[in-house]
Amino acid sequence: MPASIFEEVDDLLEVALTRRKATRLDCPSCGSVHVAQVLGDNGGISYVCTACGHSWS
């Protein structure tokens, strides 16, 4: 249990930053985070970078 509300806030911010990094998807070509999830030809999931146009699955 944190000794103060400030310690609690620090713990929550750390969890939020970790979760944000874990769910972010970067383009393997240019490194942009502007990535769209699209439905592939055979019903699979593919991704396309809206910055450079690179696509992958």
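You'll find the side chain of H54 stays beyond 4.5 Å of the side chain of C30, heavy atoms only.
Atom CH2 of W56 sits about 6.0 Å away from atom SG of C49, to the nearest 0.5 Å.
The shortest non-hydrogen separation linking D26 to V33 is OD1-CG1, 3.1 Å.
Under the 4.5 Å side-chain heavy-atom criterion for Ile, Leu, Val, Met, Phe, Trp and Tyr, I45 and V35 are members of the same hydrophobic cluster.
In this structure S46 satisfies the side chain to side chain contact (heavy atoms under 4.5 Å, CB included) test together with V38, S57, sequence neighbours excluded. For the ring pair (Phe, Tyr, Trp, His ring centres under 6.0 Å) test, no residue two or more places apart in sequence or in another chain qualifies with H34.
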